[in-house]
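Worksheet: one structure, shown below.
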Amino acid sequence: MRSAKDFFAPLAVGAPAPLREIPARPSRAIHFFDPGNEKMAAKVPDMVGTVDVLLGNLEDAVKAENKEISRAGLVKIGQSTDFGPTQFWTRINSLDSPWVLDDLTTLVPAIGDKLDVIMVPKVQGAEDIHYIDRILAQLEAKAGISKPLQVHAILETARGVANIEEICAASPRMQGLSLGPADLAADRRMKTTRVGGGHPGYLVRQDPERGEDGVPLYDGPRTTYQQDLWHYTIARMVDACAMHGIYPYYGPFGDIKDTVACEDQFRNAFLLGCVGAWSLHPVQIKIANKVFSPSVEDVKHARRVIAAMGDGTGAVMLDGKMEDDASVKQCKVMVALAEELAAIDPDLKTAYDAIVLD
Ligand SMILES: CC(=O)SCCNC(=O)CCNC(=O)[C@H](O)C(C)(C)COP(=O)(O)OP(=O)(O)OC[C@H]1O[C@@H](n2cnc3c(N)ncnc32)[C@H](O)[C@@H]1OP(=O)(O)O
Ligand SMILES: CC(=O)C(=O)O
Ligand SMILES: [Mg+2]
């Protein structure tokens with residue numbers, strides 16, 4: 001077991017000092033691209049500033065025969081792109097794959113000073129994070145990197161979900177967690193073949209009409225309500241991340257053409273406490289930017305409650321509702337996010353600045 005104080009010391013001589021806090025940088029959309037796909041790669045420089053995170057993906061969705069091309073493409077993009085306000089992340093191959101060691105030993109010396117976060121797939125427990133923590137420290141020391149790379153874990157096995165708190169606590173590099181609904185569904189033997197999203201078979205049904213004897217009458221129509229297959233896992237992620245000062249993200253939504261359901265799924269995640277979601281296609285960036293930014297109405301309401309509450313204690317009535325010390329804290333969460341996003345998004349700044357309190 002490590003002492004809490006060990007977390008303040010680098011894991012290799014010459015490696016940068018570990019972070020004490022994970023910076024809250026906007027990351028409404030983590031946009032995935034294959035750096036070995038020439039058409040996608042060519043679009044990356046123009047996407048800088050339009051999306052909070054650009055992620056060069058080396059794992060699943062990159063064919064085995066293209067792994068080296070994608071890795072080399074990522075190095076080229078990293079070296080030649082000025083990322084400005086946009087974060088630059090990568091998803092490396094899984095720790096049991098034949099590619100991951102070359103991913104790490106190539107990327108850290110070549111573009112370790114440009115990368116913000118390394119996303120690690122299929123994390124099973126703290127031992128996986130300890131492995132990455134140590135090897136990153138060694139590679140950072142060797143390459144003379146001055147800023148520690150952060151680590152993001154994808155939850156995509158039952159064991160990973162069961163070990164969620166230990167994973168979050170395993171290293172000061174831990175930046176956040178994403179849901180990996182496709183691999184997680186397979187690992188749990190869930191019977192959905194979708195990449196994220198709901199399922200029409202996972203539902204609750206309105207009660208039946210009943211006869212005078214109390215026996216259900218089965219001939220009337222009964223409304224059904226589709227439920228969220230991922231609610232439990234997302235809720236666990238939110239609690240584990242909040243406990244450890246790191247950030248939860250919804251993962252991918254594979255039905256690219258169903259932009260309405262994508263927006264709904266992202267909004268559920270936003271309401272539950274996630275800070276962002278993955279974008280697999282340019283069309284999903286706009287959805288995530290919209291959903292993970294507080295609406296003007298919400299910001300206005302939050303500012304009104306904060307103004308009405310004065311020093312933040314006691315209870316007041318506003319629009320027929322009780323507000324008190326706890327609800328003002330909720331409102332401060334909303335306003336803090338709005339301010340953080342306004343600092344990097346001029347359209348949001350204009351919209352929030354135009355709010356007039358009644
Ligand atoms: C379960 C998981 O692990 S999820 C994470 C792994 N999966 C991924 O990373 C998938 C990333 N996305 C993709 O590969 C693609 O978007 C696909 C395969 C889903 C769809 O690709 P296409 O059929 O080419 O989509 P479409 O025809 O709508 O593309 C329109 C344009 O956007 C480009 N484009 C598509 N996706 C992306 C992207 N992620 N980034 C940048 N550009 C993209 C296309 O190259 C195309 O460019 P063009 O107009 O110059 O021809
Ligand atoms: C996101 C991912 O990798 C998965 O759903 O499997
Ligand atoms: Mg996966």
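The residues of the chain are indexed from 1 along the displayed sequence. Computed from heavy atoms alone, side chains included, the values below leave out hydrogens, waters and symmetry copies. In each ligand, atom 1 is the first atom listed, and ligand 1 is the first ligand listed.
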Just to confirm, does any protein heavy atom lie below 4.0 Å from [atom]?
atom	value
atom 12 (N) of ligand 1	yes
atom 5 (C) of ligand 1	yes
atom 36 (N) of ligand 1	yes
atom 9 (O) of ligand 1	yes
atom 25 (O) of ligand 1	yes

Which option out of H31, K43, M40 puts a heavy atom nearest to atom 46 (C) of ligand 1? K43
As a check for students: among M119, E156, K122, identify the option with a heavy atom nearest to atom 2 (C) of ligand 2. E156
Under 4.0 Å from a heavy atom of [X]: give me the atoms of ligand 1 that qualify, with their elements.
X	value
H281	16 (O), 25 (O), 26 (P), 28 (O), 29 (O), 30 (C), 35 (C), 36 (N)
R91	3 (O), 5 (C), 6 (C)
A61	6 (C), 7 (N), 8 (C)
P282	34 (N), 35 (C), 36 (N), 37 (C), 38 (C), 42 (N), 43 (C)
D60	6 (C)
N57	6 (C), 9 (O)

Taking the side chain as everything from C-beta on, heavy atoms only, tell me whether [X] gets closer than 4.5 Å to [Y].
X	Y	result
L101	I135	yes
L115	F83	no
N57	M119	no

So how far is it from [X] [atom1] to [Y] [atom2], rounded to the nearest 0.5 Å?
X	Y	atom1	atom2	value
L58	D103	CG	CG	5.0 Å
E59	T90	CD	OG1	10.5 Å
F33	S70	CZ	OG	10.0 Å

We want to know whether R188 and T233 form a side-chain donor-acceptor pair, criterion being a heavy-atom distance below 3.5 angstrom. yes
So, S27 and Y247: side-chain donor and acceptor under 3.5 Å apart, yes or no? no
Would you please test V48 and D82 for side-chain contact (heavy atoms from CB on, under 4.5 Å) and show each step? CA-CA 8 Å; V48 168; D82 175 358; over 6 Å; no
Test log, rule salt bridge (charged side-chain N to carboxylate O under 4.0 Å, His left out), inputs R159 and D128: CA-CA 12 Å; R159 182 141 78 90; D128 289 342; over 6 Å; no
Atoms of ligand 2 less than 4.0 Å from [X] heavy atoms?
X	value
P252	1 (C)
D183	4 (C), 5 (O), 6 (O)
W278	1 (C)
P181	4 (C), 5 (O)

Check whether any heavy atom of G251 sits under 4.0 Å from an atom of ligand 2. no
What I want to know is whether R91 and ligand 2 share at least one N or O pair that is separated by under 3.5 angstrom. yes
Do R2 and D133 sit within salt-bridge range, that is, some charged N less than 4.0 Å from a carboxylate O? yes
Residue of the set D353, D319, D358 for which salt bridge (charged side-chain N to carboxylate O under 4.0 Å, His left out) holds with K300: D358
Looking at M243, I want to see if its CE is surrounded by more than 12 non-hydrogen atoms of other residues, nucleotides or ligands under 6.0 Å. no
Suppose you place the vertex at the Mg ion (ligand 3); what is the angle out to E156 OE1 and D183 OD2, to 10°? 100°
So for L280 against ligand 1, with non-hydrogen atoms under 4.0 Å, the contacting part is both
Counting only heavy atoms, which portion of E59 has something under 4.0 Å from ligand 1: side chain, backbone, both, or neither? neither
Using 30° and 60° as the class boundaries, would you call the ring planes of W278 and F32 parallel, tilted or perpendicular? parallel
What is the closest protein heavy atom to atom 5 (O) of ligand 2, and at what distance does it sit? A182 N, 2.7 Å
